[in-house]
Amino acid sequence: MGIILEDVGKSYEVDGKRLVVLDGVSAEIGQGEFVSLIGPSGCGKSTLFNIICGLAEPDRGKVLFDGREGVGAGEVVSYMPQKDLLLPWRSLLDNVILAREVDGMNREKARREARELMSLFGLAGFENSYPAELSGGMRQRAALMRTVLARRPVLLLDEPFGALDAITRTRMQLWLLDIWAKFGQAIFFVTHDIDEALLLSSRVYVLTPRPARVALHLEIDLPRPRSAEIVTAPRFLELKKTIMEALF
Amino acid sequence: MPRSSKFTAPLVFIVALIAIWQGLVTFSGIEAWLLPAPWQVAAALKDMLPLLMYHSQSTLLAAVTGLVAAVFLALAVAVLMDSSPWFKRGIYPLLVLSQTIPIISIAPLLLIWFGLGLLPKVIVVALVCFFPVAVSMVEGMEAADPDMVNLLRVMGASNWKIIKTVRFPAALPSFFSGLKIAGTYAVMGAVIGEWLGAGSGLGVFMTRASHSYQLDRVFAAIIVISSVSLLLFVLIILLARLAMPWYFKERSRSND
C-alpha cells in the first residue's frame with residue numbers, strides 16, 4: 001500500500017491573478033518507506049499536503065492510493081499537522097485514541113491498547129493530564145502517538161519538530177526512527193531542514209520555489225540504523241551538498 | 001494582593017450606599033410610603049420571609065424551567081445552523097428580531113393564550129433567555145479551530161461526530177458566558193410574567209405590595225429577586241466548572 005502522485009498541479013486565484021502553486025509534482029511513497037519532501041518555505045508544501053489528505057482537490061494530475069483512484073484519503077493516510085491539534089477538553093489518553101474512536105472501536109478497548117503504548121511514546125503517567133498541562137515536546141509526542149495509533153499504512157508528518165529546540169529535536173528524530181521501525185508504517189515527512197531529511201529518510205524529494213516542481217529526487221544510501229553522529233559522515237556531507245546545489 | 005481585599009472593596013461600597021440611603025431618609029423626613037429606610041426594608045424582609053420564600057418557589061420554578069427550555073431550543077437551533085448554511089441565513093434575522101420584541105408587550109398575549117398558570121411565564125423566560133444562549137452557542141461553534149475539524153474529517157468522522165467531539169466542547173466557554181447573562185434575565189422574565197397575572201410568585205407579591213403603597217415590602221421583594229438571580233448565577237458558574245475542568249485548569253495556569 002503506497003501513494004503515487006502523478007503530475008499534481010494546483011493554482012489559486014489571488015486578487016484576480018492566477019497564482020500557480022504546484023506545477024506538476026510527481027512523487028511516490030512505497031510501502032513502509034521513509035520519504036522526505038524538502039522545499040523552501042511558502043513553496044506549496046502545505047498545499048501538496050492538503051491534496052494528499054483529500055482536504056484540497058488538485059487542478060490537474062492524480063493522487064493514487066495503492067495504485068487506485070477514488071480511495072478515501074482517510075483510509076490510507078493519517079496526518080500530523082505543524083500544530084499538535086490536541087483537543088484541549090480531552091485527556092491525553094482520550095486524545096491519542098481519537099482516530100480509533102472515529103473508526104468505531106470501543107472506547108475502553110482503544111484506551112487499553114493506548115495505555116500499553118504510553119511508555120513507548122514517553123508519556124506514561126500522563127494519561128489523565130490535559131494537553132495544556134504538558135510540555136511542548138510531550139504534546140508533539142502525543143500528536144505523533146495519535147497519528148501512529150490511527151493504524152493507517154501511511155503517516156503524513158508536516159514539520160512535526162519545527163517548533164522544538166535543537167537538542168529536543170535531534171532526540172525526537174532518533175526516537176521517530178525507532179517508532180518507524182516498530183510500527184512499519186510508511187512516512188512522508190515534510191521539512192525545510194536538510195539535515196533532518198537526510199538523517200531520517202530513504203529517499204528525498206527537493207522542490208523548487210513556487211511554482212513547485214521536483215528539482216531533485218535523491219536516494220539516501222546511508223546505512224541504517226542511523227545515529228546522531230551520521231551528520232558528520234563524508235557521505236552525508238556529499239548528499240547534503242547535492243541537495244544544497246539543487247536548492248540554491 | 002491579599003485575598004481579603006477581593007471582598008473588602010465591594011463591601012465598603014454596599015455599606016456606604018446603605019448609609020447614604022439611611023441618611024437621606026432621616027434628614028429629609030420623607031414618608032415611608034414614598035421611600036422606606038433601609039432598616040424598615042430589613043424589618044419587612046424579616047416579617048415577610050416565609051411568604052417571600054413561598055412566592056420565590058413559583059418564580060424560581062418558572063425561571064429555571066424557562067431557562068432549561070431556552071437552552072435545549074438554543075442547542076437544537078445551533079446544531080441546525082451549523083449543519084445548514086441555508087437554515088442559518090434564514091433563521092438569523094428571526095433570531096435577532098425575537099430579541100427586539102418588547103417582552104412586556106407580548107406577555108399579555110401569552111396570558112390570553114395560555115391562561116394564568118406556569119406555562120406563559122415559562123414562555124416569557126424562554127423568550128428572554130433564548131437569544132443570548134443561542135448566539136453564544138452559534139458563535140462558539142463557529143470559532144472552533146478549523147484545523148481540528150479538518151483533522152477529524154480526514155479521520156473519516158461524520159458531521160455529527162465532529163459536532164460532538166470538536167464544535168460542542170469548543171463552544172462551551174462561550175456558551176457559559178451566554179448562559180450567565182441568560183441566568184440573570186431568567187428571574188426578571190419570570191417576574192414580568194407574574195406581574196401581568198398569576199396565582200403566586202414574587203411578581204404577584206410585588207404588585208400587591210405596590211398597589212397598597214407598602215414600599216418596604218416592594219424593596220424586600222427586590223432583595224429576594226436579586227438573591228434568587230445571584231443564586232442562579234452561582235449555580236451556572238459551578239456547572240461551568242463541572243462541565244469544563246480543562247478550561248479552568250488552563251486559565252489558572254496562564255494566570256500563574
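In what follows, chains carry the letters A, B, and so on, assigned in the order in which the sequence lines appear, proteins first and then strands, with residues in each chain numbered from 1. None of the values given here were measured: they were computed from a predicted structure.
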Exercise for the section: With a 4.5 Å cut-off on heavy-atom pairs, point out which of Leu98(A), Asp103(A), Val77(A) contacts chain B the most. Expected result: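 Ranked by contacts with chain B, first place is Leu98(A).
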
Practice task
Return the option, out of Arg146(A), Glu133(A), Arg90(A), Lys83(A), with the maximum number of heavy-atom pairs under 4.5 Å with chain B.
Solution key: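 The candidate making the most pairs under 4.5 Å is Glu133(A).
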
What part of [X] gets within 4.5 angstrom of chain A, counting heavy atoms only: side chain, backbone, both, or neither?
X: Ser158(B); answer: neither
X: Met148(B); answer: both
X: Asn150(B); answer: both

Problem - Rounded distance [0.5 Å steps], CG in Asp94(A) versus OG1 in Thr165(B) - result: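 Going from the CG atom of Asp94(A) to the OG1 atom of Thr165(B) covers 11.5 Å.
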
Problem - Thr147(A) OG1 to Leu151(B) CG distance, which is reported to the nearest 0.5 Å - result: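 Answer for the OG1-CG pair, Thr147(A) versus Leu151(B), is 7.5 Å.
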
Practice task
Check whether any side-chain heavy atom of Leu172(B) sits under 4.5 Å from a side-chain heavy atom of Trp89(A), and report yes or no.
Solution key: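 The answer is no, as the side chains (C-beta and beyond) never meet within the 4.5 Å cut-off.
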
Handout entry: Contact check, side chains of Met155(B) and Glu101(A), non-hydrogen atoms, under 4.5 Å
Key =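 Answer no - side chains too far apart.
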
Could you look at [X] and say if it's the side chain, the backbone, both or neither that has a heavy atom under 4.5 Å from chain B?
X: Asn50(A); value: neither
X: Ala99(A); value: both
X: Leu85(A); value: both

Above 12 or not: heavy atoms from other molecules or residues under 6.0 Å from [atom1] of [X]?
X: Trp175(A); atom1: CH2; result: yes
X: Leu97(B); atom1: CG; result: yes
X: Arg210(A); atom1: CZ; result: no
X: Phe72(B); atom1: CZ; result: no
X: Glu57(A); atom1: CD; result: no
X: Tyr205(A); atom1: OH; result: yes

Problem - Atom of Tyr130(A), atom of Pro245(B) and distance for their closest heavy-atom approach - result: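 The pair with the smallest heavy-atom distance is OH-CG, 3.4 Å.
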
